[in-house]
Student: 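Below are the structure tokens for one structure; questions will follow.
Here is the naming used below: chain letters follow the sequence lines, and residue numbers restart at 1 for every chain. The analysis underlying the following values was restricted to heavy atoms, covering all of them including side chains, and did not include hydrogens, waters or symmetry mates.
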Amino acid sequence: METTYNPQSIEQKWYQTWENNGYFTPQGESDAGNYCIMIPPPNVTGTLHMGHAFQDTIMDALTRYQRMRGKNTLWQPGTDHAGIATQMVVERQLAAQDKSRHDLGRDAFIDKVWEWKKQSGGTITQQLRRMGGSLDWENERFTMDEGLSDAVHKVFIQLYDEGLIYRGKRLVNWDPILHTALSDLEVISEEESGHLWHFRYPLSDGSGHLVVATTRPETMLGDTAVAVHPDDERYKHLIGKTITLPLVGRQIPIIADDYVDMEFGTGCVKITPAHDFNDYEMGQRHDLPMINILTVDACINDDAPQKYRGLDRYEVRDMVVHDLDELGLLDSIKEHKLMVPRGDRSGSVVEPYLTDQWYVKIAPLAEPAIKAVQDGSIKFVPENWSKTYFEWMNNIQDWCISRQIWWGHRIPAWYDEAGNVYVADNEAEVRKKYQLADDLTLTQDDDVLDTWFSSALWPFSTLGWPENTERLKQFYPTSVLVTGFDIIFFWVARMIMFGLKFMDDVPFKEIYIHGLVRDADGQKMSKSKGNVLDPIDIIDGIDLESLVKKRTTGLMQPKMAPKIEKATRKQYPDGIPAFGTDALRFTFAALATTGRDVVLAPDRIAGYRNFCNKIWNATRYVLMNTEDQDTGIDNQDCKYSLADRWILSRLQQVEDNIQKHFNGYRFDLAAQDLYSFVWEDYCDWYLELSKPVLMKDHFSESEKRGTRKTLVQVLETILRLNHPIMPFITEELWHSVAPLAGIKGDTIMQQPFPVSSDALKDADAEAELQWVKNFIMGIRRIRSESDIAPGKPLPVILQNASEQDKQRYEANESFIFTLAKLESISFLSNDEVAPESSTALVGEMKILIPLAGLIDKDAELTRLSKEIGKLEDNLGKSNAKLGNPGFVDKAPEAVVNKERERIAEMESALEKLKEQLEKISAL
RNA sequence: GGGUGAUUAGCUCAGUUGGUAGAGCGUCGCCCUUACAAGGCGAAUGUCGGGAGUUCAAAUCUCUCAUCACCCACCA
């Protein structure tokens, strides 16, 4: 074995072995039950980012844990076709050749996308393998594969037939670059600064004018009314009159509507029903005409005056302002902050636009979905997120599911020439279902479905639905959904609605919501900020030049490059070393506190890489001392030392804790327990305590055997406990350690997860070992604080030792001598006079180290005073507490007694230390 | 405007039913002690955001203020 842990040399090989042997595939019926997690399908042409890596670590840890617990376990892999995102990538590639998708035509373009999928679709799944993900690759799915397309059709058709999908002309969010409608969720509104223009609209009867305020002057070309509040004294008399719309000449009414806020602006609102969501509703209430003035590119169309036609809306905005000013109708311009809606993919300003679209009538689906969370059929972890869920579900709007793009599930609807709609699986089905003549010309709807429509079916479509497959029966409903809060609405809510509708059961019983991965400064990672860390670079390492290059190429704003380069060189002067997958995974686990964002700092990862190294070297020690030796597998004649009994007892507690923490999704606490048990209990104490037993001749063979056996058994258990989080190193080491523990197996993956045994819990051993530790630590402390060389063996005198102290000392002499580095020990009766010494206390017993030539008198005085000071502080606090009659009367007896004991201990210690102080001062 | 969460050691965060505050990283001192210097031993560090209340007892429960973050929303 190498002296240093090197992740590179072990990870790839084990993954190959696991996958080739089919260990990831569900192993079949089990008494322990079924366990299933659906991966949130990443974009098929995407690459793995930190968010994925974090999420996948959690899912894999859960999956491995449950698999080891003997459950029939499935982690379902797959990818999403990601309609708009993927189409955009391919269109960009075409654009580089000066082509558009229209040059190719629909079929050829779709072929091109499939080609791209074939070329890049393996990237993210390969990266998932690098993360160690134990996904059932043999059954990988894609949202556009045949089975899933069948599911999409079936759902669409059934919802249509039930009246839950309808087609309607409505105002939608229109992306003028992508030429498609977007759902509300795909529109991101951000505050930008703009202006508020005030215009005078002349009354048609020439009796004056009204002043309206707008942030969008160009839309005035489509105004069909001006609204005021019905109670507004300023304008009451004008209601019902008309104004003549400047530049257009149209007469439009002044209407009353209490939507208008009298306080805001002038209290008069221009109404453009075809280009504003509020105006649209007002238009409907007042039966106003809707005049669309925009083209699909958001240029002004032919329903506007000649001079503006064909020009971009922003160009027209300037013209309108200018023209109104010329007419003397520009009242004022004010600076104004407003929310600007942009498409989340294209970044273009989204226009409310009147088009025909398909919608899901959502209220009837939402109702049971709300109930499922209310009644606990589905639990959010942390529970708080249910509030967010309810908030949204209670205000949910119909879902616009049609997109005017080509890459996706084409809507299974056909039209005849009269415009009648027929919905069925295919054209032949349509004719049959609707009994249409063979010669009736039908054309299919050009639109495709929102990507999230097929994602919403993921928990059952991947298992074979609509077929009633064995997998579906076994794994639906799935156990838990692991996802980020950002897609609760996009995805989680919709899966719940569709799952309940089509499977008549919830899609998952729990939803574990994790936080966002941020950089070391707490910033969101983003390409444009240049602070992105690639999980693969953490695993394999990356040199500075490559990292700089990676961060500065392909930027949306190339001028940011120098700044990013500078920051990167400063933060990673030596690049990033290869930490390995296990270290990254353990870091994620340790940081996965409930619902909090995760701040990922390379220092932290390095710390857990060191932890891997610790396990590696502990194993080296154990192997060195047990290989080719009797580890008590066939020989039951083992005598267990205090240390053996203690570490086994501690191990049982840790096993209980880890189970509890995994079951409660507290990976941070699990990681913490694993870390401290392995490092502090097992390595710092137990391995050191094993040394005298194994190396000193006066220990019997059965004692040595007992210690060897314990060393190996505890280490083997540690490896299994750590396996869900650190799969590679544990597998690698397990193959060396397990045989020594008499365990045979092809892989640690299929070994049982450790379960505690009450018989091995040993409170006496823990108490006694604590005494030993206190003894040793007391001496170490004196040594360190008195500047005695660590290697110098010390003479020690014990005074005031009880019978128990004596017994404990005798039983553990070897431990104490070795770990505290002693030269000699002698007992002193109470009436004997001790030499001038430095003192440590273990309970009532005094540990004395004679000063003689070793310890400086003043240093000892300082040390003692400090300790006395501390004790006095605490004693003061405790006395005050007991002095309070309320405390003694009302606090539980146990608490009061504990306080009394504490005081007794402190008083006794204080007395001894003061005595000592006097003695030494007197020298 | 509505909602949610946060504020604890220099940094990032734990803190389970109220009972004298913990970890990792960092810092300081001494050590290459035969598993590990990616290490060992030891040490320091907190008016638990401010204020008020409930209680014998509050980081923990209630109210209030402040600051920050995120989500949702139609103020022209």
Side-chain angles (χ1 to χ4, degrees), chain A residues 1 3-5 184 189 196 212-216 219 227 259-261 263-272 276-282 336 338-339 352 382 384-385 387-388 391-392 395 485-486 488-489 516 518 520-522 577 579 583 587 590-591 593-601 603-604 606-625 660 664 666 668-669 671-672 675-676 683-684 687-688 691 695 777 780-785 787-791 821 873-874 877-878 881 884-892 894-896 898-899 902:
Chain A
M1 254 180 108
T3 55
T4 305
Y5 156 70
D184 295 345
S189 290
L196 190 60
V212 298
T214 181
T215 55
R216 305 209 46 197
T219 62
Y259 159 75
V260 178
D261 180 355
E263 309 297 317
F264 189 87
T266 57
C268 301
V269 190
K270 61 187 272 308
I271 303 300
T272 321
D276 182 282
F277 288 100
N278 291 313
D279 293 7
Y280 177 80
E281 285 185 10
M282 205 181 297
H336 187 68
L338 70 162
M339 299 296 278
N384 270 333
W385 286 105
K387 287 185 193 167
T388 307
E391 189 70 18
W392 191 69
N395 297 295
F485 59 84
D486 48 332
I488 290 181
F489 310 141
L516 201 72
R518 295 169 178 275
D521 302 317
F579 292 121
T587 309
L591 294 175
T593 60
T594 47
R596 276 241 200 181
D597 285 353
V598 163
V599 176
L600 190 71
D603 283 351
R604 187 96 188 214
Y608 293 120
R609 187 270 321 263
N610 296 353
F611 179 56
C612 295
N613 190 48
K614 194 76 184 174
I615 295 178
W616 184 266
N617 276 293
T619 304
R620 280 183 61 224
Y621 169 81
V622 172
L623 294 180
M624 276 176 189
N625 286 289
K660 188 178 82 190
R666 290 304 304 267
D668 57 328
L669 299 180
Q672 203 175 85
Y675 187 96
S676 68
C683 293
D684 287 347
L687 293 192
E688 293 307 319
K691 286 176 184 175
M695 291 168 195
M777 289 191 292
R780 282 175 176 173
R781 197 163 168 187
I782 292 174
R783 190 191 283 278
S784 179
E785 287 177 356
D787 270 334
I788 303 171
K821 279 244 164 56
D873 276 0
N874 287 334
K877 276 185 211 162
S878 288
K881 216 170 184 182
N884 179 350
F887 176 70
V888 183
D889 291 348
K890 296 192 180 172
V895 175
V896 177
K898 205 169 144 197
E899 202 62 38
R902 207 177 274 151

Student: A:Tyr621 OH to B:U33 P: how many Å, rounded?
Tutor: 17 Å

Student: Would you indicate, yes or no, if B:U33 has its OP1 or OP2 atom less than 4.0 angstrom from a side-chain nitrogen or oxygen of A:Lys691?
Tutor: no

Student: Which of these, A:Leu600, A:Asp597, A:Val598, sits in a side chain to side chain contact (heavy atoms under 4.5 Å, CB included) with A:Arg518?
Tutor: A:Asp597

Student: Partner of B:G42 by Watson-Crick or G-U wobble geometry, both contacts under 3.5 Å, or none?
Tutor: B:C28

Student: May I ask you to verify if any side-chain N or O of A:Asn610 is less than 4.0 angstrom from the OP1 or OP2 atom of B:G39?
Tutor: yes

Student: Would you mind classifying the nucleic acid contact of A:Asp787 as base, sugar-phosphate or nothing, using non-hydrogen atoms under 4.0 angstrom?
Tutor: nothing

Student: Can you check the distance between B:C70 and B:U64, where both ends of the measurement are the P atom (answer in whole Å)?
Tutor: 25 Å

Student: Using the C1' atom on both, measure B:C75 against B:U12 and round to a whole Å.
Tutor: 41 Å

Student: Taking 4.0 Å as the cut-off, does a side-chain nitrogen or oxygen of A:His336 come that near to OP1 or OP2 on B:C75?
Tutor: no

Student: Rounded to whole angstrom, note down the P distance from B:C41 over to B:G46.
Tutor: 25 Å

Student: Could you check which nucleotide pairs with B:A23 in any of the strands shown, counting Watson-Crick or G-U wobble with both distances under 3.5 Å?
Tutor: B:U12

Student: Assert yes or no for the condition that the ring centre distance of A:Tyr608 to A:Phe579 is strictly below 6.0 Å.
Tutor: no

Student: Scan A:Thr593 against the nucleic acid and name what it touches under 4.0 Å (heavy atoms): base, sugar-phosphate only, or nothing.
Tutor: sugar-phosphate

Student: Give a yes/no on whether any side-chain N or O of A:Lys387 is located under 4.0 angstrom from OP1 or OP2 of B:C71.
Tutor: no

Student: Please report the interatomic distance OG1(A:Thr214) to CG(A:Leu196), rounded to the nearest 0.5 Å.
Tutor: 7.5 Å

Student: Could you tell me the separation between the CH2 atom of A:Trp385 and the C1' atom of B:C70, rounded to a whole number of Å?
Tutor: 8 Å

Student: Could you tell me which nucleotide pairs with B:A6 by Watson-Crick or G-U wobble geometry, both distances under 3.5 Å, or answer none if nothing does?
Tutor: B:U67

Student: Are the side chain of A:Arg604 and the backbone of A:Ala590 linked by a donor-acceptor contact shorter than 3.5 Å?
Tutor: no

Student: In the structure shown, which nucleotide is the Watson-Crick or G-U wobble counterpart of B:A35, with both distances under 3.5 Å?
Tutor: none

Student: If the P atom of B:G1 is compared with that of B:U27, how far apart are they to the nearest Å?
Tutor: 46 Å

Student: Nearest whole angstrom, please: distance from the P of B:G42 to the CD1 of A:Ile788.
Tutor: 14 Å

Student: Can you find a donor-acceptor N/O pair under 3.5 angstrom joining the side chain of A:Asp603 to the base of B:C25?
Tutor: no

Student: Rounded to whole angstrom units, what separation is found between the CG atom of A:Asn613 and the C1' atom of B:A38?
Tutor: 5 Å

Student: Send over the distance from A:Glu688 CD to B:C36 P, rounded to a whole Å.
Tutor: 11 Å

Student: By the definition side chain to side chain contact (heavy atoms under 4.5 Å, CB included), identify the one residue from A:Asn617, A:Thr619, A:Leu623, A:Asn625 that meets it with A:Tyr621.
Tutor: A:Asn625

Student: Between A:Asn384 and B:G5, does any side-chain N or O lie under 4.0 Å from OP1 or OP2?
Tutor: yes

Student: With a 4.0 Å cutoff (strictly under), does any side-chain N or O of A:Lys821 reach OP1 or OP2 of B:G42?
Tutor: no

Student: At under 4.0 Å, does any side-chain N or O of A:Tyr280 touch on OP1 or OP2 of B:A76?
Tutor: no

Student: Report the distance from atom CG of A:Asp486 to atom P of B:A69, rounded to the nearest whole Å.
Tutor: 19 Å

Student: Given B:A38, B:U20, B:G19, identify the nucleotide with an atom nearest to the side chain of A:Ser878.
Tutor: B:U20

Student: So, is A:Arg781 close to the B:A43 phosphate, meaning a side-chain N or O under 4.0 Å from OP1 or OP2?
Tutor: yes

Student: Could you identify the nucleotide paired to B:U47, looking across every strand shown and requiring Watson-Crick or G-U wobble geometry with both distances under 3.5 Å?
Tutor: none

Student: Could you tell me whether the phosphate oxygens of B:U20, OP1 or OP2, come under 4.0 Å of any side-chain nitrogen or oxygen in A:Arg902?
Tutor: yes

Student: Before you tell me yes or no, could you show the steps for A:Lys270 and A:Thr219 under side chain to side chain contact (heavy atoms under 4.5 Å, CB included), namely the whole-Å CA-CA distance, both residues' side-chain angles and the distance that decides it to 0.1 Å?
Tutor: CA-CA 9 Å; A:Lys270 61 187 272 308; A:Thr219 62; 2.7 Å; yes

Student: With C1' as the reference atom in both, quote the distance from B:C31 to B:C36 in angstrom, rounded to an integer.
Tutor: 15 Å

Student: Considering every strand and a 4.0 Å limit on heavy-atom distances, what is the contact class for A:Tyr5: base, sugar-phosphate, or nothing?
Tutor: base

Student: Please state the P separation for the pair B:U45 and B:G10 - nearest whole angstrom.
Tutor: 11 Å

Student: What does A:Gly267 touch in the nucleic acid at a heavy-atom separation under 4.0 angstrom: a base, only the sugar-phosphate, or nothing?
Tutor: base

Student: CE of A:Met339 versus P of B:A73: gap in Å, rounded?
Tutor: 9 Å

Student: Counting only Watson-Crick or G-U wobble pairs whose two distances fall under 3.5 Å, which nucleotide matches B:A57?
Tutor: none

Student: What interatomic distance, in whole Å, is found between C1' of B:U55 and the corresponding atom of B:U60?
Tutor: 13 Å

Student: Using side chain to side chain contact (heavy atoms under 4.5 Å, CB included), reason through A:Glu899 and A:Phe887 one step at a time and then give a plain yes or no.
Tutor: CA-CA 11 Å; A:Glu899 202 62 38; A:Phe887 176 70; 4.3 Å; yes

Student: Within less than 4.0 Å of OP1 or OP2 of B:C36, is there a side-chain N or O belonging to A:Arg609?
Tutor: no

Student: Nearest whole angstrom, please: distance from the C1' of B:A43 to the CE of A:Met777.
Tutor: 14 Å

Student: It should be established whether A:Thr215 places a side-chain nitrogen or oxygen under 4.0 Å from OP1 or OP2 of nucleotide B:A76.
Tutor: no

Student: Across the strands shown, which category fits A:Val599 at heavy-atom distances under 4.0 angstrom: base, sugar-phosphate, nothing?
Tutor: sugar-phosphate

Student: Using the side-chain heavy atoms of A:Val260, tell me which of these nucleotides is nearest: B:G2, B:U20, B:A76.
Tutor: B:A76

Student: Write down the distance separating the C1' atoms in B:U8 and B:G22, rounded off to the nearest Å.
Tutor: 10 Å

Student: Given B:G40, B:G15, B:G19, identify the nucleotide with an atom nearest to the side chain of A:Lys614.
Tutor: B:G40

Student: Could you give the distance from CH2 (A:Trp392) to CD1 (A:Ile488), rounded to the nearest 0.5 Å?
Tutor: 10.5 Å

